[in-house]
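Worksheet for the structure shown next.
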Amino acid sequence: VTGASRSGKTSWVAGRVAGARRLLVWDTVGEFAEKFHCYPIWSIAQLAKVCSPSSPAQRIAFQPMHGTDDEGRSIIKLQFDAFCRCAYIAMRAHRRLSLVVEELADVTSPGKAPAAWGAIVRRGLRYGPEIYALTQRPSESDKSIMGNASVFHCHAMARADDARYMAKEMRIDQAAIDELAPLQFLQRDRRTGVLRGGDLRKRRAKA
Ligand SMILES: Nc1ncnc2c1ncn2[C@@H]1O[C@H](COP(=O)(O)OP(=O)(O)O)[C@@H](O)[C@H]1O
Ligand SMILES: [Mg+2]
């Protein structure tokens, strides 16, 4: 799920997971906890508990910390690794986990995906989760998610590099992305090949 800031990414995903009973969100700005009926947690110890195989279905929003630790390592990246390990355990134990990751470019880079995230994207799909990976900067996020995504959902992009990148992935002209207004989107289903457009302000997306 790509798009500039305020282009509608979070709103679209929140609508998709509105009915999800077992939901886990990497909630970088706390929106899912605040607006979309998720229980906020901040500690990895708590996260490990709610992701254990015996835990009941819940809607959880994990809010990562920023900054660096005493050895200069990025805390958000360390926490993302732990978050992904917990998520993997939960998705293996429970079919139909919904997983949302806000701003992937904060925690991944264009090279190889961090190991635990890569494991979710490459091997975790067999357990039947529904995964939404969001980013403003697809050209700076990892390639594993692009290679394994079943749907590309693209809102208006701020930067030409990113618009060009998404146009190429979606096999469309960049002009089609450049013309998107906030809350409008284009979506390509890679399994069926179907391309459709829509607008979050309208109930039904037009074919
Ligand atoms: N259907 C809608 N009608 C009107 N405003 C909307 C609608 N959907 C989302 N918005 C507003 O658009 C803004 C940007 O949406 P958001 O999903 O937060 O974008 P992003 O996650 O890409 O930054 C928000 O203020 C949101 O409330
Ligand atoms: Mg958002």
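These numbers come from the heavy atoms of this one structure, side chains and all, not from hydrogens, waters or symmetry mates. Every number for a ligand or one of its atoms is a count from 1 in the order of the listing.
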**Request:** Take every heavy atom of Ala14, measure it against each atom of ligand 1, and state whether any distance is under 4.0 Å.
**Result:** no

- Task: Please confirm whether Ser5 comes under 4.0 Å of ligand 1, counting heavy atoms of the residue only.
- Result: yes

Discussion item. For ligand 1, which is the ligand I care about here, please tell me if Thr10 has any N or O atom under 3.5 Å from one of the ligand's N or O atoms.
Written reply: yes

Looking only at protein heavy atoms, which one is nearest to [atom], and what is the separation?
atom: atom 19 (O) of ligand 1; value: Gly8 N, 3.0 Å
atom: atom 9 (C) of ligand 1; value: Ser11 OG, 3.1 Å
atom: atom 1 (N) of ligand 1; value: Leu200 O, 3.0 Å
atom: atom 6 (C) of ligand 1; value: Leu183 CD1, 3.5 Å

With a 4.5 Å cut-off on side-chain heavy atoms, are [Y] and [X] touching?
X: His155; Y: Thr2; answer: no
X: Met146; Y: Phe152; answer: yes
X: Arg21; Y: Arg59; answer: no

Handout entry: N/O/S atom of Ser5 inside 2.8 Å of the Mg ion (ligand 2), strictly under
Key = no

Note: Pro182, heavy atoms under 4.0 Å from ligand 1, region reported as neither

Of Glu102, Glu31, Lys35, the one whose closest heavy atom lies nearest atom 18 (O) of ligand 1 is Glu31

Filtering Lys202, Arg6, Glu103, Arg201 for the heavy atom nearest atom 3 (N) of ligand 1 leaves Arg201

Quick note on ligand 1: atoms under 4.0 Å from a heavy atom of Ala4 include exactly 22 (O)

For Ser7, the atoms of ligand 1 under 4.0 Å from one of its heavy atoms are 19 (O), 20 (P), 22 (O)

key: Ser139-Asp162 side chain donor-acceptor pair, cut-off 3.5 Å   = yes

Does the side chain of Ser109 come under 3.5 Å of the side chain of Glu140 through a donor N or O and an acceptor N or O? no

message: Could you go through Asp81 and Arg85, starting from their C-alpha distance and side-chain angles, then the distance that decides it, and tell me whether this counts as salt bridge (Lys or Arg N to Asp or Glu O under 4.0 Å)?
response: CA-CA 6 Å; Asp81 179 71; Arg85 287 166 193 265; 2.8 Å; yes

Test side-chain contact (heavy atoms from CB on, under 4.5 Å), reference Phe62, set Phe80, Phe32, Trp26, Tyr39, output is Trp26

Atom 27 (O) of ligand 1 touched by protein heavy atom at under 4.0 Å:
no

So CG of Leu180 and CE of Met157: to nearest 0.5 Å the spacing works out to 10.0 Å

Notebook entry, point to check: Is the backbone N or O of His94 less than 3.5 Å from a side-chain atom of Arg22, with the two atoms forming a donor-acceptor pair by type?
Noted result: no

